[in-house]
Amino acid sequence: MSKTIAINAGSSSLKFQLFAMPEEVVLAKGLVERIGLKDSIFTVSYGEGQKHSLTLDIANHDQAVQMLLDTLLELNIVKDYSEITGVGHRVVAGGEIFKDSALIDDKALEQIESLAEYAPLHQMAEVAGIKAFKKLLPNITSVAVFDTSFHTSMPKKAYLYSLPMEYYEKYGARRYGAHGTSHNYVSRRAAEMLGKDISELKIITCHLGNGGSITAVNGGKSVDTSMGFTPLAGITMGTRAGDFDASLIPFLMEKENIATVNEFIDIANKKSGLLGISGVSSDMRDVESAAAQGNEHAQLAYDIFIYRIQKYIGQYVAAMNGVDAIVFTAGIGENSMETRRDVIAGLSWFGCEIDSEINKLRGEEYIISTKESKVAVLNIPTNEEVEIARDVERLRG
Ligand code: AMP
């Protein structure tokens, strides 16, 4: 048995899961929050529901990784560091370089750093996580799993913008998409649950979390996705605007005295979406309950969220000339029966119908469509971490 850690590093956080591989048993999982701030919080759950948490100052990702490794030893989750044979890092931007997950050698690390411009909020935090593990456990297999890799199968007509061609040729200005690990995982699980070969299926996967994206998966390959050059594009998200007309940027900058374009982009990323429309919260649970209590802006935020998802599904039915299955996943997709019900209610023309009783269930994998439905509808909890651990195993050979 080998032990593999899946890491998802953010600018001030580091999420992890430790797996026994190839059994895919989760031995521990946890989170370091507020890295670089006072009173960082470290939590880990392990064993049969045991929990361990502490608050202390963690200055940087190096210290967070050291603390994580020390704690695994202290809690006897690993007896010796040599039991850990691999680490997989989620990396947001793989650009056109990484069409698959990759072993991280010096060249790959340089390439990952060179893509920082494509994901300014994430990439350097991920690089910090990679470097911290390289320093502390230099001999283990280190793998990068890219959010964008799954989408590198998109055809040119889907990933090119209608901007001058030279911008793509000179700077790589194109759609890259994100959440690829999740779209890949749930589309393959859907095929397995339906007892079909994925090569025969047209699937639309709806990853609806705090960030959200919709992907058209034809024959197991991503052929289009709603996120763009960065994760700002597409559907309405927790705090991100999704698609909007770029001409609004100079217009609103002038009206609102916004000094720089970056400041505006920050508003579009952090103060828009469900939060911006509802004025209540970026969290769907709060938006749903405020709407239920008659808050009109919360209701509007919810309605816009649903409407955008329906429009993307419609686009992707057209893009693939059909659809066999629609999959819901991530925090909202897995848990909000209202979202699944309301999205599908608008697709009856496609012959889509769900069973309202099965739709109430959550926490596991369910086929929620009725027997009569022409399109299968599934609720599948995503599992990006296990995909990361599998890729570490695969590339370790
Ligand atoms: P994620 O980014 O995948 O963790 O998803 C976070 C989102 O899932 C937040 O908007 C949560 O409000 C939402 N979510 C989690 N549980 C529920 C629930 N029971 N009903 C509605 N939304 C939920």
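Position 1 is the first residue of the sequence; numbering continues from there. Order of appearance sets the numbers: ligands from 1, and atoms from 1 within every ligand.
- For atom 12 (O) of ligand 1, a protein heavy-atom neighbour is found at a distance under 4.0 Å.
- Checked against a 3.5 angstrom limit, the closest N/O atoms of Met284 and ligand 1 fall inside it.
- No N or O atom of Gly209 sits closer than 3.5 Å to an N or O atom of ligand 1.
- The aromatic rings of Phe146 and Phe98 lie parallel to each other, with less than 30° between the two planes, well short of the 60° mark.
- Taking all heavy atoms of Gly331, Gly212, Gly333 into account, the minimum distance to atom 8 (O) of ligand 1 is reached by Gly331.
- Shortest non-hydrogen contact noted between Glu334 and Thr382 is OE2-N, 2.8 Å.
- With hydrophobic clusters built from ILVMFWY side chains whose heavy atoms lie under 4.5 angstrom apart, Met21 shares a cluster with Val26.
- Summary of contacts: the protein heavy atom closest to atom 20 (N) of ligand 1 is Arg285 CG, 3.8 Å.
- A cation-pi arrangement is present between Arg174 and Tyr176, with the terminal nitrogen or guanidinium carbon under 6.0 Å from the aromatic centre and inside a 45° cone about the axis.
- The 12-atom threshold is not exceeded at CG of Asp106, counting heavy atoms of other residues, nucleotides or ligands nearer than 6.0 Å.
- Of all non-hydrogen atoms in His151 and Ser222, the two that sit nearest each other are ND1-OG, 2.8 Å.
- For the ligand labelled ligand 1, residue Met337 lies outside the 4.0 Å heavy-atom shell.
- Summarising the contacts of atom 16 (N) of ligand 1 with Thr382, Val287, Asn335, the nearest heavy atom is found in Asn335.
- For a threshold of 3.5 Å applied to N or O pairs, the pair formed by Gly211 and ligand 1 contains no separation below that value.
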